[in-house]
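To start, the structure under review is shown below, and the notes come after it.
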Amino acid sequence: QVQLEESGGGLVQAGGSLRLSCAASGLLYSINNMAWYRQAPGRQRELVARITHGGSPTYAGFVKGRFTISRDNAKNTVYLQMNSLKPEDTGVYFCAAAGKYWGQGTQVTVSS
């Protein structure tokens, strides 16, 4: 089993920044891709960004250079730096590992 714990969410004004962290523990040899997803009220969960073990990132189109995903394999931690936040970025942000393990999520609220 792999356990994931997110942190770093909160309330921020539009245009502000937040940095999310996801600490992984457990059967770490099984972790290749790690990703951030988000779910807004009344909407389906959607991919925000994904990163391979080697550090190659991919982003959803709505990121548009505002978000940066990174990982520290020595610390078994993945990060999501979010800049120029918009109210539509509001939602619960989830960390996922290997496409099948999920954290419990951290709330991000962006006020206008």
Side-chain angles (χ1 to χ4, degrees):
Q1 287 292 335
V2 173
Q3 294 80 43
L4 304 173
E5 183 174 359
E6 302 99 334
S7 61
L11 173 64
V12 64
Q13 289 188 333
S17 298
L18 284 173
R19 188 193 195 206
L20 306 183
S21 298
C22 172
S25 60
L27 301 177
L28 301 174
Y29 67 83
S30 67
I31 297 177
N32 181 9
N33 291 332
M34 295 191 72
W36 287 98
Y37 287 75
R38 72 183 187 186
Q39 187 166 19
R43 300 189 64 176
Q44 290 187 335
R45 193 172 297 186
E46 59 184 354
L47 176 67
V48 175
R50 178 186 291 121
I51 189 166
T52 67
H53 189 274
S56 296
T58 56
Y59 297 97
F62 59 77
V63 169
K64 294 182 180 179
R66 299 184 297 126
F67 295 2
T68 302
I69 189 171
S70 61
R71 66 190 291 171
D72 185 334
N73 291 329
K75 296 181 178 179
N76 297 314
T77 302
V78 65
Y79 306 96
L80 186 68
Q81 177 67 44
M82 305 187 294
N83 299 327
S84 302
L85 283 162
K86 305 175 182 180
E88 52 264 43
D89 294 318
T90 293
V92 180
Y93 284 68
F94 297 90
C95 179
K100 59 182 179 180
Y101 301 106
W102 294 86
Q104 295 199 354
T106 185
Q107 176 70 44
V108 171
T109 304
V110 184
S111 63
S112 57

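Just so you know, these numbers come straight off a predicted model, no measurement behind them. Basis for what follows: all heavy atoms, side chains included, without hydrogens, waters or symmetry-related copies.
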Q.
Return the CD to OG distance between Gln13 and Ser112, rounded to the nearest 0.5 Å.
A. 9.5 Å
Q.
Ring of Phe94, cation from Arg38 - is the NZ or CZ under 6.0 Å from the centre and inside 45° of the axis?
A. no
**Q.** Spacing of Asp89 atom CG and Ser84 atom OG [to the nearest 0.5 Å]
**A.** 9.5 Å
**Q.** CG-CE distance between Asn76 and Met34, expressed to the nearest 0.5 angstrom
**A.** 8.0 Å
Q | Closest approach of Pro87 to Ala14 (non-hydrogen atoms, all atoms of both residues) | A | CD-CB, 4.1 Å
(Q) Please check this pair: side chain of Asn73 against backbone of His53, looking for a donor-acceptor N/O pair closer than 3.5 Å. (A) yes
(Q) So, taking the atom named CZ in Arg71 and the one named CD1 in Ile51, what distance separates them when rounded to the nearest 0.5 Å? (A) 6.0 Å
Q.
Leu20 and side chain to side chain contact (heavy atoms under 4.5 Å, CB included): which single residue from Phe67, Trp36, Tyr79 fits?
A. Trp36
(Q) Within this structure, what is the OG1-CZ distance for the pair Thr58 and Arg50, rounded to the nearest 0.5 Å? (A) 5.0 Å
Q | Result of checking Arg45, Gln107, Gln104 against Val92 for side chain to side chain contact (heavy atoms under 4.5 Å, CB included) | A | Gln107
Q.
Using 0.5 Å steps for rounding, measure from the OG1 atom of Thr90 to the CD atom of Glu88.
A. 8.5 Å
(Q) Using modelled atom types and a 3.5 Å cut-off, is there a donor and acceptor pairing between side-chain atoms of Glu6 and backbone atoms of Ser21? (A) no
Q | Non-hydrogen side-chain atoms of Val108 and Met82 separated by less than 4.5 Å | A | yes
Q: Could you pull out the closest heavy-atom pair between Asn83 and Ser17, with the gap in Å?
A: OD1-OG, 2.9 Å
Q.
Would the distance check show the side chain of Thr109 and the main-chain N or O of Leu11 forming a donor-acceptor pair, the cut-off being under 3.5 Å?
A. no
**Q.** Donor-acceptor contact below 3.5 Å, side chain Thr77 vs main chain Lys75
**A.** yes
Q: Compare every heavy atom of Ala49 with every heavy atom of Leu80, then report the nearest pair and how far apart it is.
A: CD1-CB, 4.4 Å
Q) Is any side-chain heavy atom of Ile69 less than 4.5 Å from a side-chain heavy atom of Val78? A) yes
Q) Does atom CD of Glu5 have more than 12 heavy-atom neighbours from other groups under 6.0 Å away? A) no
Q: Before giving the answer on side-chain contact (heavy atoms from CB on, under 4.5 Å), spell out for Tyr59 and Leu47 the whole-Å C-alpha distance, their side-chain angles and the decisive distance to 0.1 Å.
A: CA-CA 8 Å; Tyr59 297 97; Leu47 176 67; over 6 Å; no
Q) Going only through I, L, V, M, F, W and Y residues with side-chain contacts under 4.5 Å, is there a path from Tyr93 to Val12? A) yes
**Q.** Candidate pair Leu18 and Leu85, rule side-chain contact (heavy atoms from CB on, under 4.5 Å), full reasoning
**A.** CA-CA 8 Å; Leu18 284 173; Leu85 283 162; 4.1 Å; yes
Q. Aromatic ring centroids of Tyr37 and Trp102 under 6.0 Å?
A. yes
